[in-house]
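Working notes, beginning with the structure itself.
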Protein chains: 2
Amino acid sequence: MAVRNRLTGERTHVPSAVGRRSRVASGPHDRHHEIIDAALELFATIGYSGTTMAQIGDRLGMRGPSLYKHIASKQELLVEIVTGMMDELLRRQRAALAEGGDVRQRLSSIVAVHVQYHAEHRYEAFVGHREIDSLEEPHRSHILDLRREYESRFRELVQEGRGLDLFRTSSDRWSSYAILDMGIGVSAWYNPSGSVTPDELAATYAELALRMLGAERGD
Amino acid sequence: MAVRNRLTGERTHVPSAVGRRSRVASGPHDRHHEIIDAALELFATIGYSGTTMAQIGDRLGMRGPSLYKHIASKQELLVEIVTGMMDELLRRQRAALAEGGDVRQRLSSIVAVHVQYHAEHRYEAFVGHREIDSLEEPHRSHILDLRREYESRFRELVQEGRGLDLFRTSSDRWSSYAILDMGIGVSAWYNPSGSVTPDELAATYAELALRMLGAERGD
DNA sequence: GGGTGAGGCTAATACCCATTAGCCAATCGG
DNA sequence: CCGATTGGCTAATGGGTATTAGCCTCACCC
C-alpha cells in the first residue's frame, strides 16, 4: 500500500496565500521576528520545555520543521529572547542613571525603569527570569553575570543613600532584594488591558520603594 | 541470540544493603516521604518537566520504575508538594490572624509568616509558585483558588488600614501585590547557610512592608 | 521451614519531540 | 523566459520518558 515514489495524487504544498514581499520593506513580514514573538508567548504561558516546535509553527500557519528555514534551533529562540531582555534592561538602567540627580532621584529612576519594563514587556521579563535554567552554557553563565551587574546597581544606590543618612533601613542587602523582587513580580500579574498603565505603575512602585527605604523627604 | 527464559547467569537484584526496619518506627524510612523530598529538590533545581523518574530514583539508590511501588505517578508528587505548601501557608496565615491585634500588628504578622515560610521552605515555595502550570486539572484550579484566598487577606488588611487612616498608600491593590511578591522572591534567593535566619528576615520584611504602607507609628 | 507480601529489578510499551533529509512550487534577478 | 533560491511540505531519524509487566528475593509470620 505504500505509494513510495508515486507522484500522482499526492497532497502537496501551496505556499503562503498572501503574496510574499521582497526583502525591501520586509519589516512586517520578517519571519525570524515573527517566530521569536510566537515562541515568546508560548514560552511565557506553557514554559520552554512545554512548548513544541509544532506549536510555534501553528501560530504562523506552518509546520514545525519549516521553522528551521529561519532559525537554527529552539535553544536559539530562548537565547535571543533572554539576552534581548537583559540587554534592554541594562540599557534602560544605564540611561536612567545617566540622568543624574541625588540618590533618591536616581534610585527612584531605576525602580521606575525596572517596573515599567516588567509591565511593558511582561512576557520577555517572565521568561527571562523563569527559564534561565533552560539556557545551555555558556549562555546561562553570561546571563547570570549580566543579572548580577543589573542587581548590584540597586544595592549600590541603597548603600550610598544610607551613607548619606538619606535612607533609614536596617539592611541594604535585603531591602534592595525586596525592591527588585516586587518589580519582577509585576511581570507575573500585569494585565495590559487593565486600568493602570506601565508608567503609572512605575511611578507608584518608585514611591513605594522610597518609602520602604525610609527616604527623607527631599523637598 | 535472545536468552529468553534462560535463568542461568542473569544479573539479579540485591535489595537494600541496610537492613529494613519493620513498620514500627518506620518514620525515618518512609519511602513515600523520601521520594517526595528527593522530587522536591529536583523540581526546584531543574524543574518539573526537566526532572526524570530515574533521577528521583537515583537519589534514593533505586531505579525509576521502582518508585511506582510507593507512588502513583510523577504528577502525584507535584500535587502533594504544591497542595502541602498552600495548605501550610494558609494554616500559618490563619494562626497569625487569630492572634488579633490592631491592623498594623496583624499585617505585620501575616507578612512575617509569609516571609518566614518562603525562607524556611524555599523549595516548596519556589516549586509551588513556578510549577502551577505543570499541574493538571482539577488540581491547578484548586490551587489557584487557594492562592487567591491567601492573597486576598493581604489586600483586605491594607484596605482596612487605609480606612482607619493608619496607612497612607495610593493603591491597596498594588501595594499588597508588592508585599506578596517581595516575599515570594525570598524563595528564589534565600540561602539557609547564610547569616540571616528565617525569622530575622521575616521581622525585617515586616518592617519594610509597614514602612512601605506609610504606617503611622503605633506606639 | 514454607508461603506470602513488599520492594527491588529489567524489559517492554507507547508515546512525544527536536532536528535532518529530501522533495517541490513559486518567485525573482538576469 | 530561465534557473537558482526561497520557503514551504512530508517522512525519517534518533533519542528520551512515564508507565506497565513480569520476574525474583528476602524478611517475616505461622
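Values in this document were obtained by computation on a predicted structure and should not be read as measured data. Every chain is numbered from 1, with letters handed out A, B, ... down the list of sequences.
- Checking the phosphate oxygens (OP1, OP2) of dT6(D), no side-chain nitrogen or oxygen of H70(A) falls inside 4.0 Å.
- With distances taken from any side-chain atom of M62(B) to the nucleotides dG8(D), dT20(D), dG8(C), the minimum falls on dG8(C).
- Side-chain proximity of S73(A) to the nucleotides dT10(C), dT19(C), dC9(D) is greatest for dT19(C).
- Comparing dG8(D), dA21(C), dT19(D) by their nearest atom to the side chain of Y68(B) picks out dT19(D).
- Backbone-only contact: K74(A) has heavy atoms under 4.0 Å from sugar-phosphate atoms and none from a base.
- Residue S66(B) places none of its side-chain N or O atoms closer than 4.0 Å to OP1 or OP2 of dG7(C).
- Annotation: ring-ring contact (aromatic ring centres under 6.0 Å, His included) contacts involving residues 45-68 of chain B, sequence neighbours excluded, comprise F43(B)-Y48(B).
- Annotation: side chain to side chain contact (heavy atoms under 4.5 Å, CB included) contacts of E136(A) (sequence neighbours excluded): Q75(A).
- Mapping G50(A) and A72(A) onto DNA chain C by nearest heavy atom places G50(A) closer to the 5' end of the strand.
- Of the candidate nucleotides dT19(C), dA18(D), dC9(C), dT19(C) has the atom lying nearest to any side-chain atom of M53(A).
- Residue R63(A) has its side chain nearest to dT10(D) when only dT19(D), dT19(C), dT10(D) are considered.
- Among the protein residues, T52(B) comes within range of the sugar-phosphate backbone only, with heavy atoms under 4.0 Å from sugar or phosphate atoms but none that close to a base.
- Residue-level contact check: S49(B) touches neither bases nor backbone, having no heavy atom under 4.0 Å from any strand.
- For H70(A) and H33(A), the ring centers are positioned 6.0 Å apart or more.
- Taken over five-pair windows at either terminus, the axes of the helix from dG1(C)-dC30(D) to dG30(C)-dC1(D) are inclined to one another by 10° (rounded to 10 degrees).
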